[in-house]
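Below: one structure, written as structure tokens.
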Protein chains: 2
Amino acid sequence: MTLVPSQQNLVSEWLARLHEAGYRLTAPRRVVVEVIANSRYVLEPQAVHALARQRSPHIGLATVYRTLEKLEDLGLIQRIHRPDGCQAFIAAVEGHRHPLICRRCGRVEYFSGDAEIVARLSQHVAEESGYIIQEHWLQFFGLCSECRQDDTASN
Amino acid sequence: MTLVPSQQNLVSEWLARLHEAGYRLTAPRRVVVEVIANSRYVLEPQAVHALARQRSPHIGLATVYRTLEKLEDLGLIQRIHRPDGCQAFIAAVEGHRHPLICRRCGRVEYFSGDAEIVARLSQHVAEESGYIIQEHWLQFFGLCSECRQDDTASN
DNA sequence: CTGCTTGCAAAGGATTTGCACCTTA
DNA sequence: TAAGGTGCAAATCCTTTGCAAGCAG
């Protein structure tokens with residue numbers, strides 16, 4: 001299980017993918033793409049909207065939702081599920097990678113899964129339960145290195 | 001990793017816990033408790049309401065939400081997160097147990113976690129990331145033994 | 001130019017809240 | 001009988017949709 005470095009140049013890649021998919025590259029879309037692609041933190045639609053408006057004050061919330069939908073369909077962003085809600089998005093990563101989410105600030109790191117261990121578990125689970133296993137989710141929650149310091153300081 | 005048998009007598013236990021917590025045991029609460037405690041399937045608030053109305057036709061949706069909130073606060077039920085939504089509840093289980101959810105019918109089985117493997121992963125992740133790991137979620141998705149047959153038959 | 005996109009506002013759906021009445025303890 | 005609980009309806013909140021006007025290609 002190893003830490004996965006964050007990717008660079010996501011913006012141009014995402015714009016290219018949108019273009020390939022037949023979507024037009026408009027100013028509002030560029031802004032939404034930049035906001036999410038450059039964020040290491042999970043962002044809810046409202047937060048994306050707020051950040052986008054800092055660059056482009058008249059952008060509408062509906063446009064944010066519509067863009068999020070396309071990015072999700074293209075697999076460029078993914079939804080992060082947390083105890084307090086499941087409407088937060090972050091740049092997707094490829095392969096079997098598992099998010100490590102800071103409960104305090106929403107910062108996300110990814111780990112590449114240990115394919116062997118998980119495969120063994122899946123098979124075991126399948127045999128005992130009679131289920132066909134199609135997918136698994138593994139997520140870690142905690143405090144990132146910055147937030148753990150703030151937390152210590154405030155106690 | 002072993003299959004966890006479903007628990008019996010949840011209803012009286014939950015009612016006792018509600019009582020201990022200072023809540024009154026009313027007819028609507030009993031009905032909601034019976035509906036969820038006896039279900040092997042994840043249930044959304046609307047579904048709980050529909051099932052509850054079969055036994056007690058005038059029960060209100062708001063009462064269902066209020067009861068769900070209390071049961072969740074007491075840790076008696078837990079939210080199941082799925083790709084298509086996170087408002088589904090099922091009886092909680094104790095200890096480190098991981099749900100295996102049928103995508104088709106919502107049936108849930110639990111597995112007791114392999115504490116050793118997960119502890120090792122957590123520590124590894126903590127060391128590499130600098131995070132304090134507080135919690136993890138491991139969920140499996142697939143088709144239960146009944147649904148896999150239906151699925152084969154219909155193809 | 002053509003038709004996809006946008007922003008706004010209205011609609012829709014889910015969840016929460018206010019309140020008078022009712023029931024538990 | 002007092003306090004908590006209920007059902008209903010109204011209020012909220014989030015998300016989606018309709019539409020005329022605005023741009024990308």
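Below, chains carry the letters A, B, ... as their sequence lines are ordered, and counting in each starts from 1. Only this structure's heavy atoms are used, side chains among them; waters, hydrogens and symmetry mates stay out.
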[N] [atom2] sits how many Å from [X] [atom1], rounded?
X: Ile59(A); N: dT5(C); atom1: CD1; atom2: P; answer: 14 Å
X: Gln87(B); N: dC14(D); atom1: CD; atom2: P; answer: 13 Å
X: Phe89(A); N: dC14(D); atom1: CZ; atom2: C1'; answer: 13 Å
X: Asp84(A); N: dC14(D); atom1: CG; atom2: C1'; answer: 15 Å
X: Leu61(B); N: dG13(C); atom1: CG; atom2: P; answer: 14 Å

Requested in this report: Produce a footprint string for nucleotides 17-22 of chain C: one letter per nucleotide, 5' end first; B if the base is under 4.0 Å from any protein heavy atom, S if only the sugar-phosphate is, - if neither.
Outcome: BB----

**Report entry** Least distance between heavy atoms, Ile133(B) atom then Ala126(B) atom
**Finding:**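 Heavy atoms of Ile133(B) and Ala126(B) come nearest at CG1-CB, 3.7 Å.
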
Report task. Quick one: sort the Trp137(B) and His81(B) rings into parallel, tilted or perpendicular, breaks at 30° and 60°. Result ->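 Tilted: the ring planes of Trp137(B) and His81(B) meet at 30° to 60°.
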
Report task. With sequence neighbours excluded, give me every side chain to side chain donor-acceptor pair (under 3.5 Å) pair touching residues 14-23 of chain A. Result ->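 Side chain to side chain donor-acceptor pair (under 3.5 Å) check on residues 14-23 of chain A returns no pairs.
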
Query - Contacting residues from residues 15-37 of chain A, given that a heavy atom lies under 4.0 angstrom of DNA chain C - result: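 Result for residues 15-37 of chain A: Tyr23(A), Arg24(A), Thr26(A), Pro28(A), Arg29(A), sorted by number.
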
Report task. Tell me which residues in residues 68-83 of chain B put a heavy atom below 4.0 Å from DNA chain C, sorted by number, or none. Result ->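 Those residues whose heavy atoms fall under 4.0 Å from DNA chain C, taken from residues 68-83 of chain B, amount to none.
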
Requested in this report: With sequence neighbours excluded, tell me which residues meet salt bridge (charged side-chain N to carboxylate O under 4.0 Å, His left out) with Arg29(A).
Outcome: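 With neighbours one apart ignored, the set is empty.
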
Query - side chain to side chain contact (heavy atoms under 4.5 Å, CB included) evaluation trace for Ile101(B) with Phe141(B) - result: CA-CA 5 Å; Ile101(B) 304 146; Phe141(B) 298 94; 3.7 Å; yes

Query raised in the report: For Val125(B), does its backbone N or O pair with a side-chain atom of Ser129(B) as donor and acceptor, under 3.5 Å?
Result: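 Checking the backbone N and O of Val125(B) against the side chain of Ser129(B), a donor-acceptor pair under 3.5 Å is found.
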
Report task. Ignoring hydrogens and angles, tell me if any N or O in the side chain of Arg148(A) forms a donor-acceptor pair with the backbone of Gly142(A) under 3.5 Å. Result ->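 Not confirmed, Arg148(A) side chain does not pair with Gly142(A) backbone.
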
Requested in this report: Quick one: list whatever passes ring-ring contact (aromatic ring centres under 6.0 Å, His included) with His49(B), sequence neighbours left out.
Outcome: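 Once residues adjacent in sequence are excluded, His49(B) has no partner under the ring-ring contact (aromatic ring centres under 6.0 Å, His included) criterion.
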
**Report entry** Student check: side-chain heavy atoms of Phe111(B) and Leu138(B) closer than 4.5 Å
**Finding:**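 Side-chain contact under 4.5 Å: no.
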
Query raised in the report: Does some side-chain heavy atom of Gln139(A) sit less than 4.5 Å from a side-chain heavy atom of His136(B)?
Result: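 Side-chain contact under 4.5 Å: no.
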
**Report entry** From Ser122(A) atom OG to Gln134(A) atom CD, the distance as rounded to the nearest 0.5 Å
**Finding:**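 Output value for this atom pair is 11.5 Å.
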
